[in-house]
Q: 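Got a structure for you, written out below as structure tokens; questions coming shortly.
Reminder, nothing fancy here: chain letters follow the sequence lines and each chain counts from 1. Atoms considered below: every heavy atom in the structure, side chains included; atoms not considered: hydrogens, waters and symmetry mates.
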Amino acid sequence: MPTSPASVTELLERCALIAGLTLGQLAAQLQVPVPADLRREKGWTGQLLEMALGATAGSQAVQDFPELAVELKTLPIDQYGKPLESTYVCVAPLTGATGQQWQESWVCRKLSRVLWLPVLAERHIAPAERIIGQGFLWQPSPDEAALLQQDWEELMELIAFGRLDQIKGAHGKVLQLRPKAADSKALTAAIGPDGRPVQSLPRGFYLKSQFTAAILQQQFALAHR
DNA sequence: ACGTGATCATCC
DNA sequence: GGATGATCACGT
């Protein structure tokens with residue numbers, strides 16, 4: 001069981017070591033069973049790679065590598081390097097976050113330094129055969145940060161004014177709000193249209209795949225110039 | 001129930 | 001084919 005990396009350099013070295021391996025090969029090294037599909041283990045890939053890299057946070061609400069201030073995100077991609085899914089960031093505070101500033105938000109902090117780890121994960125490829133790509137460290141550019149902040153402020157304002165029901169996944173340019181729950185019947189406290197407390201479906205912030213696609217494109221260009 | 005890891009399944 | 005809403009497992 002890998003220990004937690006002492007530095008960002010060491011973390012990136014570990015990424016280089018596993019790049020090119022299949023998930024099956026890595027799972028064998030770590031003595032982890034591989035599911036035939038991910039229908040009942042949707043987080044399996046992320047948890048396997050957390051283990052391989054020595055992440056310690058588990059299900060705690062902190063970054064994956066707290067000492068390094070690095071958040072790990074696996075990114076399922078197709079053969080052309082395009083993301084297959086949006087990227088979950090964190091749960092959305094539906095109460096008690098009115099007046100919060102962007103810089104102190106959970107979204108901002110989690111996205112301040114991300115280790116992206118692409119995995120070739122087209123659906124026709126069995127989990128064991130999926131190939132680990134080259135991980136890389138990313139920090140939002142000023143432009144990217146501005147886009148994220150704008151979307152976050154817009155969504156948080158709607159939440160604070162009790163307009164949660166009007167928020168669809170289509171809201172936001174790069175950041176979206178979508179259900180994040182066991183099922184559509186899950187309930188959590190939120191603010192109603194009249195400002196009074198109501199119960200509603202828990203939501204999470206997600207990065208739209210077009211945004212992560214741009215990050216990958218930029219990284220690809222950097223790596224090949 | 002909440003937050004972690006996300007992908008599934010269906011609709012357009 | 002891509003995006004949106006729904007869902008699965010686990011630890012706390």
Side-chain angles (χ1 to χ4, degrees), chain A residues 4 23 26-27 30 32-66 70-97 105-107 109-111 114-128 130 132 135 151 155 164-190 197-214 216:
Chain A
S4 111
L23 296 180
L26 182 61
L30 297 170
V32 171
V34 184
D37 63 67
L38 299 185
R39 269 181 298 187
R40 297 204 158 270
E41 297 182 59
K42 297 177 181 179
W44 181 81
T45 304
Q47 284 158 356
L48 179 74
L49 289 162
E50 278 187 353
M51 189 184 301
L53 296 176
T56 53
S59 65
Q60 299 173 72
V62 293
Q63 285 152 319
D64 295 291
F65 302 96
V70 169
E71 174 75 10
L72 172 65
K73 287 290 173 199
T74 62
L75 193 52
I77 58 169
D78 67 13
Q79 59 178 322
Y80 305 109
K82 284 184 56 181
L84 292 166
E85 296 285 349
S86 54
T87 300
Y88 170 69
V89 180
C90 62
V91 295
L94 302 186
T95 61
S105 75
W106 215 338
V107 175
R109 287 191 293 197
K110 285 216 167 185
L111 295 182
V114 177
L115 175 63
W116 293 105
L117 197 39
V119 176
L120 181 59
E122 290 169 338
R123 282 205 198 183
H124 70 269
I125 308 175
R130 297 183 179 182
I132 302 166
D151 284 348
L155 291 167
L164 195 53
D165 291 346
Q166 298 169 22
I167 303 178
K168 308 295 178 196
H171 251 101
K173 292 188 179 75
V174 298
L175 191 70
Q176 60 181 178
L177 197 71
R178 303 223 308 275
K180 174 60 172 164
D183 55 50
S184 60
K185 292 155 223 148
L187 290 174
T188 193
V198 293
Q199 292 289 107
S200 87
L201 184 61
R203 317 295 169 101
F205 287 110
Y206 295 77
L207 295 176
K208 294 191 176 188
S209 52
Q210 287 195 17
F211 183 69
T212 50
L216 286 174

Q: Classify A:A61 by what it touches in the nucleic acid, base, sugar-phosphate, or nothing, heavy-atom distance under 4.0 Å.
A: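 Since only primed, P, OP1 and OP2 atoms lie under 4.0 Å of A:A61, the category is sugar-phosphate.
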Q: Does B:dG3 have its OP1 or OP2 closer than 4.0 Å to a side-chain nitrogen or oxygen of A:Q60?
A: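 No.
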Q: Give me, pair by pair, the N or O atoms of the protein and of nucleotides 9-12 of chain B that are less than 3.5 Å apart, along with how far apart they are.
A:
residue, atom, partner, partner atom, Å
B:dA9, N7, A:R123, NH2, 3.3

Q: Could you check if a side-chain atom of A:L23 sits within less than 4.5 angstrom of a side-chain atom of A:T45, using non-hydrogen atoms only?
A: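 Yes - at least one pair of side-chain heavy atoms lies under 4.5 Å apart.
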Q: Once you round it to whole Å, what is the distance between P of C:dT4 and CZ of A:F205?
A: 15 Å
Q: I want to confirm an ordering. Mapping A:A121 and A:Y88 to their closest nucleotides on DNA chain B, which one lands closer to the 5' end?
A: A:Y88
Q: Name the one of A:L84, A:L48, A:L75, A:L49 that satisfies side-chain contact (heavy atoms from CB on, under 4.5 Å) with A:V119?
A: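 Passing option: A:L49.
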Q: Nearest to the A:R178 side chain among C:dG5, C:dA3, B:dT4, which nucleotide is it?
A: C:dG5
Q: Can you list, by residue number, the residues of residues 72-82 of chain A that have a non-hydrogen atom closer than 4.0 angstrom to DNA chain B?
A: A:K73, A:T74, A:P76
Q: Taking 4.0 Å as the cut-off, does a side-chain nitrogen or oxygen of A:S184 come that near to OP1 or OP2 on C:dT7?
A: yes
Q: Identify which nucleotide among C:dA6, C:dA3, B:dC2 has an atom closest to any side-chain atom of A:T188, counting heavy atoms from C-beta outward.
A: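 Comparing C:dA6, C:dA3, B:dC2 against the side chain of A:T188, the answer is B:dC2.
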Q: Do NZ/NE/NH1/NH2 and the carboxylate oxygens of A:K185 and A:D183 come within less than 4.0 Å?
A: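 Result for this pair is no, no salt bridge flagged.
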Q: If you find the nucleotide of DNA chain B closest to A:K185 and the one closest to A:E41, which residue's nucleotide is nearer the 5' end?
A: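 Result of the comparison: A:K185.
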Q: Any donor-acceptor pair under 3.5 Å joining the side chain of A:K180 to the base of C:dG5?
A: no
Q: Taking the side chain of A:V91 as its heavy atoms from C-beta onward, which of B:dG3, C:dA9, C:dA3 lies nearest to it?
A: B:dG3
Q: Determine whether any donor atom in the side chain of A:Y206 lies under 3.5 Å from an acceptor atom in the base of C:dA3, or the reverse, and answer yes or no.
A: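 By the distance-only test, no, there is no pair.
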Q: With a 4.0 Å cut-off on heavy atoms, is A:K168 in touch with a base, just the backbone sugar-phosphate, or nothing at all?
A: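 Sugar-phosphate contact only.
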Q: OP1 or OP2 of C:dA3 less than 4.0 angstrom from a side-chain nitrogen or oxygen of A:S209, does that happen here?
A: yes
Q: Which of the following nucleotides, B:dC8, B:dT4, C:dT4, is nearest to the side chain of A:Q176?
A: C:dT4
Q: From the options C:dG5, B:dG5, B:dC8, select the nucleotide whose nearest atom is closest to the side chain of A:L38.
A: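 Nucleotide nearest to A:L38's side chain: B:dC8.
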